[in-house]
Amino acid sequence: MEPEWLRRELDDNQLEAVTADDGPILVFAGAGSGKTRVLTYRIAYLLTCRNVPAHRIMAVTFTNKAAKEMRQRLEQLVGNLFQPAWVGTFHAVCTRMLRLHGHSIGLPKDFVIYDEEDQLSLVKRILKEKDIDPNQFPPPAILSAIGAAKEQQVTPEELAEIVENPFQETVAKVYRDYQTRLQEAKAVDFDDLLWLALRMLEEKPEVADYYQSRFLHILVDEYQDVNRTQHQLTMLLAAQHRNLFLVGDDDQSIYSWRGSDVRLMLEVRNHFPDLRVFVLTNNYRSTQVILDAAWYVIKRNIHRQEKRLRAVRPAGEPLILFRAQDDREEAAFVAATIIDLVKQGANRYSDFAVIYRINAQSRPFEEVFVRWGIPYRVVGALRFYERKEVRDIIAYLRLLFNPADQVSLLRIINTPPRGIGEQTMSRIQELASLKGLPLGVAIFADDLLPSLPPRQRGGLMRFRQLMERLRQGLNEWKLSELIQAIVELTDYDEYVRKAEGDLVGQERMSNILQLATAAEQAFGDEPAAQSLPRFLEQIALLSPQDAADWRGDLVSLITAHSAKGLEFPIVFVTGLEEGLFPHSRSLDDPFQLEEERRLFYVALTRAKDRVYVTYAQRRGFSTGRWGESRFALTDLSRFLLELPSALVVEWRGVPTAQGLIPMPSPPTAAPRTPVSDWSKVLQPVSPSLPQPIRASEPGQSPAQGPFPVKTGARVRHRDFGIGKVIAVAADRRLLTILVQFDDPSVGLKRLALDMAPIEILSD
DNA sequence: TGTACAACCCTTTTT
DNA sequence: GGGTTGTACA
């Protein structure tokens, strides 16, 4: 009998799924139907009501953030009880299995994980050695072909046999070297993590048996986005106990370009004919209007299971459509609307998300937001861990952990410059391959040095001493101290300041400090030798959602892909133009077009209360793509036309820094009229259209007066706490200050003096 | 070897 | 716009 707390928190449908008996279960859970909730409560139910030991449960989520939230939720529900359960992404779970048993298939325990940047630099390197022209065979294209092969579980040898053209031939050749190099470097890439784990289970019955008997229950979220390897892994892991709990929504499948395939979700029944299916259609997130609008769009897809979501909440307000002259006006409209609503006190900044199709679209929004003082975060654009300085330090750490890691070695052997140039490197490489040693090992071989000319020897000596000193420190220092030591021993500080000036240098050093703080928070006083592997693993497997800083009252700028699984009271879906959303690369393929439509569906259903859809009649590639000021005329997205006109009102206003000036009549004065005729919206651009009012008319420049705050002053920020002003600058017509906050996890922030919620404590 | 500067690509989404 | 590559020179 299910306890009271379950009944209280779940509706009948959810309860039925959560408390279902053992056996294979598939839950079709529409957007906002409490999918993650059902998964979490299922685990809590298994732990408390069915007395399943936590260490016999594996739960797979889509992002680490989702895993973390699930753990927190479980903590509230059942306390520490859940701790031994395996909760994480497919990649994290596979890493764990490979660390434990990878030796059975010859994988060293201390393997490192190469991310896309590492992969790319390896491919480039191979091209160079093989004397292949990267213009003719672009490294990213080769890499993605290798990735596709791996997703299909095609080996280099198999690929070599099925090549049909010179490009594929090149790919096959590079692929072979690429795998060899990975092995030499004791490295695996993202695809290897999955594939190797699968191979291990397939080839080593004793390992398979261990996991199959250990895990009584396998639960997987977002099953519509698994690829073949992940699917096979799931089937295999559940083969013995057959307790499978899969949750997914075919309407939200948006990763087929990465090898995922919705059909796999429907194929589960082939493995488990007694599969029980539950369908959740009560939506707890959005208004009915939003759901209806989304449904009218998604129902155009032919390849889907028909289902319609019912809102638990009231009908709500219609969608608002804004037609902007160009992308700058689009951004201004969004900014002005946010200012209006925040001023009214109805919303805070963190209630808003600006969703777009491609990352490059964030720029115009960022520009207006900075100018008008709207605080924001960009989710996933340049991630923290992708910053050059952070990656440099990580490369040092990785090399310490695994001296065979060539990509890291090549990255830092002369960073900061220590006189090891191309000449030296090719000489060393020659000697290393002569001895058959990995580069990172050969460098430390004693008989290497005498064979070098004195000048080359000097640089190399410095590097050796540096690494030896750091390696000694592994056991005496904790991780944060090790990072500090790397910075000090390499004079990294001086290097960045010299290369990029004091201001940028400060910012870069602050990022490194944040890295150290993250290490400190995660591992405290543990010796670096112990914590290092886990630290490296954590940062290798981060998603944009994981890497984003979600603290603070900030507007989120985010791609539709990254927004999956999130929700916001107010959502702007922007750039609804043919060729952008849907993207031009999808226009000629009906299957891909359906995926674009699902992506739009995902974007719409992120919203709780209100949706704004916007498009620009001209998009300046000055901001979107490379720096020309050429403008292209755009067509309205077909997805807009698929929205039922009764649910949409067009609302044109003039965006200003003070908010939106409604035009022609205030939006509250008369009931807004629904868009009655799409052809009006579709009007071609005419040169006689009134120009948008310039929102940023030059006022008197604050830069001319004395600065109200001096460098060195201490300030208090509402969200970030107390900090010290490091620099003051007049940026356009706006005063900005650079503040180093005392809380090292906040670090350095650039703030608009007029707008940011700060008070000046002292000079 | 390191640096300064011109010339070239580029952008779809990401574990 | 920005990041990378190639060339000329200290």
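Just the heavy atoms: all of them, side chains too, but no hydrogens, waters or symmetry mates, feed the values below. Sequence lines set the chain letters: A, B, ... in the order given, protein chains first and strands last, and positions in each chain run from 1.
Proximity note for Arg363(A) (side chain, C-beta onward) versus dT14(B), dG1(C), dT12(B): the nearest is dG1(C). Of the candidate nucleotides dT5(C), dT14(B), dT11(B), dT14(B) has the atom lying nearest to any side-chain atom of Arg258(A). Taking every side-chain heavy atom of Ile358(A) into account, dT11(B) is the closest of dT11(B), dG2(B), dT14(B). Distances were taken from every side-chain heavy atom of Tyr255(A) (C-beta onward) to each of dT14(B), dT11(B), dT12(B); the shortest belongs to dT14(B).
A salt bridge does not link Arg328(A) with Glu367(A): every distance from a Lys NZ or Arg NE/NH1/NH2 to an Asp or Glu carboxylate oxygen is 4.0 Å or more. A salt bridge links Glu117(A) and Arg391(A); the closest N-O separation between the charged side-chain nitrogens and carboxylate oxygens is under 4.0 Å. Look at Asp118(A) and Arg398(A) and you find a salt bridge, because one of the NZ, NE, NH1 or NH2 atoms lies within 4.0 Å of a carboxylate O, short of that distance.
Put simply, Ser586(A) has no side-chain N or O that comes within less than 4.0 Å of OP1 or OP2 on dT12(B). Taking 4.0 angstrom as the limit, Arg585(A) places a side-chain polar atom (N or O) nearer than this to OP1 or OP2 of dT12(B). The phosphate of dT12(B) has neither OP1 nor OP2 within less than 4.0 Å of any side-chain N or O from Ser584(A). Note on Asn359(A): every side-chain N or O is 4.0 Å or more away from OP1 and OP2 of dT12(B).
What separates CG of Asp225(A) from P of dT13(B) is a distance of 17 Å, to the nearest Å. Protein atom CD of Glu595(A) is 9 Å distant from nucleotide atom C1' of dT13(B), rounded to whole Å. Remark: P of dT1(B) and CG of Leu460(A) are 12 Å apart, rounded to the nearest angstrom. Per the geometry, CZ belonging to Phe62(A) stands 11 Å off C1' belonging to dT13(B), to the nearest Å. The interatomic distance linking Glu116(A) (CD) with dT14(B) (P) rounds to 10 Å, in whole Å. Atoms CG (Asp589(A)) and C1' (dT13(B)) sit 15 Å apart, rounded to a whole Å. In this structure, CG of Asp189(A) is placed 18 Å from P of dT14(B), rounded to the nearest angstrom. What separates CG of Leu580(A) from P of dT11(B) is a distance of 16 Å, to the nearest Å.
At a threshold of 4.0 angstrom between heavy atoms, the contacts of Asn414(A) are confined to the sugar-phosphate backbone, with no base atom among them.
Between the side chain of Glu595(A) and the backbone N or O of Ser256(A), at least one donor-acceptor pair lies under 3.5 Å. For Ser562(A) (side chain) and Thr559(A) (main-chain N/O), no donor-acceptor pair under 3.5 Å exists by modelled atom type.
If Arg418(A) and Ser562(A) are placed on DNA chain B by their nearest nucleotide, the residue sitting closer to the 5' end is Arg418(A). Comparing Gln230(A) and Pro140(A) by the nucleotide of DNA chain B whose heavy atom lies nearest to each, the residue mapping closer to the 5' end is Pro140(A).
Leu397(A) places none of its side-chain heavy atoms less than 4.5 Å from the side chain of Phe401(A).
Residue ring and nucleobase are stacked for His583(A) and dT12(B), with a centre distance beneath 5.5 angstrom and an angle between planes beneath 30°. Stacking is not found between Trp257(A) and the pyrimidine-like six-membered ring of the dT12(B) base under the 5.5 Å centre-distance and 30° plane-angle cut-offs.
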